[in-house]
Amino acid sequence: TGAGPALEVTDLQAGYGALRVLHGITLSVAPNEVVGVLGANGAGKTTLLRAISGAVRPQGGSVVLHGRTVTGMPDYELTRAGVGHVPSGRELFADLSVDDNLMMGAHSVPAARAGELRDRVLELFPALGSMLDRRAGALSGGEQQMLAFGRALMTDPSLLLLDEPSTGLAPAIVASLFDALRQLIAEGGMSVVLVEQNAGLALEVVERAFVLRQGRIVLAGTAADLGNDTQLVDAYLGA
Ligand code: ATP
């Protein structure tokens, strides 16, 4: 709490068994700040979000949330500490209804607050309101992405981690997801880390971005700076 960063990642190392993916990531995110993490396939973007959300246990370094060291805590504790994660691949409960998926997000939130959050999610994603009883597995890709987004918001996060929300979706769906994201950002009260392979799209909404390559930050700057140097960004993205 206080005026310090919402998130401080220092020399973070993480991977899978003997495979080291992140080789010392250091970054911080201010309260209400929206930052992007860009990088080519396999750069380690997903692993970075997983190491922050507790889905993957860091092998070194530290993760500090609002001044509290949370390194190595399990994902359910990090959810309670305010980390909302929209994972890559969405990870919905395919056989549960849309509404049950939303409410799973809110299981550690007081009931009255869960009702408010649900209203807000359905305001942001009106399409979900008309399919609350439908099986999550029966939704389109775009609808599933909205649901995964909504479920993360149901945890009442102070830090939202978004893993490539645009992947595999039609441009019109991506546009409506990013409209919802902009609306959320405008409301304030939340920091966001947005992972994207689509640098142009990410730089439209973030204030600052980091470019990851082979598990290291190779470039960082404001969205304006990076947007003006697309050749450099593209070079690092392998485009
Ligand atoms: P993408 O856009 O393809 O998801 P990324 O930048 O998010 O790329 P990561 O998913 O973090 O990259 O993957 C980094 C490296 O870790 C890759 O070499 C990948 O093969 C490996 N990796 C990812 N998940 C696992 C896993 N569960 N087990 C073993 N290796 C993994």
Side-chain angles (χ1 to χ4, degrees), residues 7 9-29 34-63 70-76 78-79 83-94 141-142 144-145 148-149 151-152 159-171 173-174 177-178 181 191-206 208-221 223 226 230 232-239:
L7 171 70
V9 167
T10 307
D11 196 24
L12 189 66
Q13 326 261 338
Y16 306 91
L19 174 69
R20 181 64 60 91
V21 174
L22 300 181
H23 302 277
I25 300 291
T26 296
L27 58 84
S28 79
V29 182
V34 180
V35 307
V37 177
L38 313 176
N41 266 324
K45 308 179 298 298
T46 293
T47 303
L48 174 60
L49 292 195
R50 286 180 180 154
I52 297 169
S53 76
V56 156
R57 205 186 154 83
Q59 296 166 331
S62 66
V63 179
V70 297
T71 324
M73 281 188 184
D75 52 2
Y76 60 87
L78 284 160
T79 302
V83 180
H85 189 190
V86 183
S88 96
R90 294 148 199 161
E91 297 173 24
L92 298 169
F93 300 96
Q144 290 192 9
Q145 188 64 63
F149 201 145
R151 186 183 54 183
L159 173 68
L160 182 67
L161 309 176
L162 279 169
D163 200 344
E164 303 220 26
S166 74
T167 299
L169 302 179
I173 310 285
V174 173
L177 277 168
F178 272 72
L181 177 58
S191 306
V192 178
V193 180
L194 170 67
V195 158
E196 260 298 338
Q197 259 192 71
N198 184 335
L201 188 63
L203 292 174
E204 282 176 29
V205 291
V206 305
R208 281 190 302 138
F210 302 90
V211 179
L212 235 63
R213 191 178 187 207
Q214 297 180 351
R216 293 186 170 83
I217 293 174
V218 290
L219 188 63
L226 296 176
T230 49
L232 187 58
V233 174
D234 286 348
Y236 281 120
L237 298 187

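As the structure lists them, so they are numbered: ligands from 1, and atoms in each ligand from 1. In this chain, residues are counted from 1 in sequence order.
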#### Entry: Stepwise salt bridge (Lys or Arg N to Asp or Glu O under 4.0 Å) check, Glu164 with Lys45
CA-CA 9 Å; Glu164 303 220 26; Lys45 308 179 298 298; 3.8 Å; yes

[X] side, atom [atom1]; [Y] side, atom [atom2] - distance, nearest 0.5 Å:
| X | Y | atom1 | atom2 | value |
| --- | --- | --- | --- | --- |
| Thr79 | Met73 | OG1 | CE | 12.0 Å |
| Ser191 | Leu7 | OG | CG | 8.0 Å |
| Gln145 | Asp163 | CD | CG | 9.0 Å |

### Message
Whether the Thr167 and Gln197 side chains hold a donor-acceptor pair (N or O, under 3.5 Å, no angle test) is what I'd like checked.
### Response
no

### Query
Do Asp11 and Thr26 have side-chain atoms, one donor and one acceptor, less than 3.5 Å apart?
no

Show the distances, to 0.1 Å, for all pairs joining an N/O atom of ligand 1 and a protein N/O atom that are shorter than 3.5 Å, listing one pair per line.
| unit_1 | atom_1 | unit_2 | atom_2 | d |
| --- | --- | --- | --- | --- |
| ligand 1 | 2 (O) | Asn41 | OD1 | 3.3 |
| ligand 1 | 2 (O) | Lys45 | NZ | 3.3 |
| ligand 1 | 2 (O) | Glu164 | OE2 | 3.1 |
| ligand 1 | 2 (O) | Gln197 | NE2 | 3.3 |
| ligand 1 | 3 (O) | Asn41 | OD1 | 2.7 |
| ligand 1 | 4 (O) | Thr46 | OG1 | 3.4 |
| ligand 1 | 6 (O) | Ala43 | N | 3.1 |
| ligand 1 | 6 (O) | Gly44 | N | 2.9 |
| ligand 1 | 6 (O) | Lys45 | N | 2.9 |
| ligand 1 | 6 (O) | Lys45 | NZ | 2.8 |
| ligand 1 | 7 (O) | Thr46 | N | 2.8 |
| ligand 1 | 7 (O) | Thr46 | OG1 | 2.7 |
| ligand 1 | 8 (O) | Gly42 | N | 2.8 |
| ligand 1 | 11 (O) | Thr47 | N | 2.9 |
| ligand 1 | 11 (O) | Thr47 | OG1 | 2.5 |
| ligand 1 | 12 (O) | Gly44 | N | 3.2 |

